[in-house]
Chemist: 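Below you'll find the structure I mean.
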Amino acid sequence: EFGKFVTWTVSVQDVRKTRTAVASVTVKLLPAQYPTIALQSNMEANIMNRGQSLQLTGSVSVPEGLSGNASWLLTGGSALSLSALSLTPLTRDISSSSSSQSFSMYLALPGNALTSGVSYTFALQTKLLNEASGAVSLSSSITITVNVPPLPGLFLVQPSSGMAFVDSFTLSCSLWMDSNLPLSYQFSYLIESSGLKSVVRGVSVVGYATSLLPAGSKARNNSVVVMADVYDSLNANTSISTTVKVTEAIRNVFHLSSFV
């Protein structure tokens, strides 16, 4: 009978009948004609970075004679208003048909809508009605985890002061943590006049770099902002900065005198 639960139990004993193990499974009986839902995401292993846009695809198959609707729901994770954030409709009406029907239903969320470190469970639920068997409800869910960027460790620049384009500065990162390894590092300094980064060493798994630096302005006490961008294997990144004092190089100027 549709809706009835049936339980099967298996009991196993050893030859001496001194030890026994029991296992049970309970199955809900469904009608022969029943809807199916399959979910997938645009994220590998269902892990995403906070700034990425999320798209879920629900493939729904509805047998003949059923009508109702399908809706996206948030069933797990921190509080979130899907109706306010979703870029796609959350509900779709399903009309009864003389033959089975299949369709795709999408849920799209913009970047930065979800919180890092939180796992969200989304469900696609169908509520259908058949005159012969009554209400038919089915749902399928998928869990999306929002990646946490690398956790800061140390960022050191040595020496702490020097002369522009003469002294070499070593920039290094250590003790950074992330579950998605390996980590990669990029080092740069800030161009004061434009506010743009000048990369001294592109992204690499090597956690240090050596570079000459330009002089800082006297208005800023010759300070130069030096930065490190640390990336995990999913390309989530954390930026960190510090300052060093870089002065104009001292040049020896010789004046030639006229000899009489």
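Computed from a predicted structure; not experimentally measured.
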Chemist: Mind checking what makes side chain to side chain contact (heavy atoms under 4.5 Å, CB included) contact with I94, not counting sequence neighbours?
Modeler: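 If we apply the side chain to side chain contact (heavy atoms under 4.5 Å, CB included) test to I94, skipping adjacent residues, the hits are V62, A70, Q101, F103, L128.
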Chemist: Should side-chain heavy atoms under 4.5 Å link Ile, Leu, Val, Met, Phe, Trp and Tyr, which residues sit in the same cluster as L234?
Modeler: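 L234 shares its hydrophobic cluster with I47.
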Chemist: Apply side chain to side chain donor-acceptor pair (under 3.5 Å) to T7 and T26, showing your working.
Modeler: CA-CA 4 Å; T7 301; T26 300; 2.9 Å; yes
Chemist: For S95, what residues pass the side chain to side chain contact (heavy atoms under 4.5 Å, CB included) criterion, not counting sequence neighbours?
Modeler: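 If we apply the side chain to side chain contact (heavy atoms under 4.5 Å, CB included) test to S95, skipping adjacent residues, there are no hits.
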Chemist: Between side-chain atoms of residues 84-93 and protein atoms elsewhere (two or more places apart, or another chain), which donor-acceptor pairs fall under 3.5 Å?
Modeler:
{"residue": "S86", "atom": "OG", "partner": "T88", "partner atom": "N", "Å": "3.2"}
{"residue": "S86", "atom": "OG", "partner": "T88", "partner atom": "O", "Å": "2.6"}
{"residue": "S86", "atom": "OG", "partner": "T88", "partner atom": "OG1", "Å": "3.4"}
{"residue": "T88", "atom": "OG1", "partner": "Y106", "partner atom": "O", "Å": "3.0"}
{"residue": "T88", "atom": "OG1", "partner": "A108", "partner atom": "N", "Å": "3.1"}
{"residue": "T91", "atom": "OG1", "partner": "S71", "partner atom": "OG", "Å": "3.3"}

Chemist: For S119, run the side chain to side chain donor-acceptor pair (under 3.5 Å) check against T145, N46, T143 and tell me which one passes.
Modeler: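 When T145, N46, T143 are each tested with S119, the side chain to side chain donor-acceptor pair (under 3.5 Å) holds only for T145.
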Chemist: So which heavy atom on V224 is nearest to which on P214, and how close?
Modeler: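 Looks like CG2-O, 3.4 Å.
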Chemist: Looking only at side chains, do S24 and T9 share a donor and an acceptor under 3.5 Å apart?
Modeler: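 Yes, T9 and S24 have a side-chain donor paired with an acceptor closer than 3.5 Å.
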Chemist: Please answer: with hydrophobic residues joined when any side-chain heavy atoms are less than 4.5 Å apart, are Y189 and M227 in the same cluster?
Modeler: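 They do not share one cluster, since no chain of ILVMFWY contacts under 4.5 Å joins Y189 to M227.
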Chemist: Without placing hydrogens or testing angles, list every side-chain donor-acceptor pair under 3.5 Å for residues 148-164, not counting sequence neighbours.
Modeler:
none

Chemist: Tell me which pairs pass salt bridge (Lys or Arg N to Asp or Glu O under 4.0 Å) where either residue lies in residues 209-223, with sequence neighbours left out.
Modeler: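 Listed by first then second residue: E192-R220.
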Chemist: For the pair R50 (side chain) and A236 (backbone), establish whether a donor and an acceptor sit closer than 3.5 Å, ignoring hydrogens and angles.
Modeler: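 It does not hold such a pair.
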Chemist: Begin with the C-alpha distance, continue with both residues' side-chain angles, and end with the deciding distance and a verdict on side chain to side chain donor-acceptor pair (under 3.5 Å) for N180 and N147.
Modeler: CA-CA 9 Å; N180 299 301; N147 184 29; 3.0 Å; yes
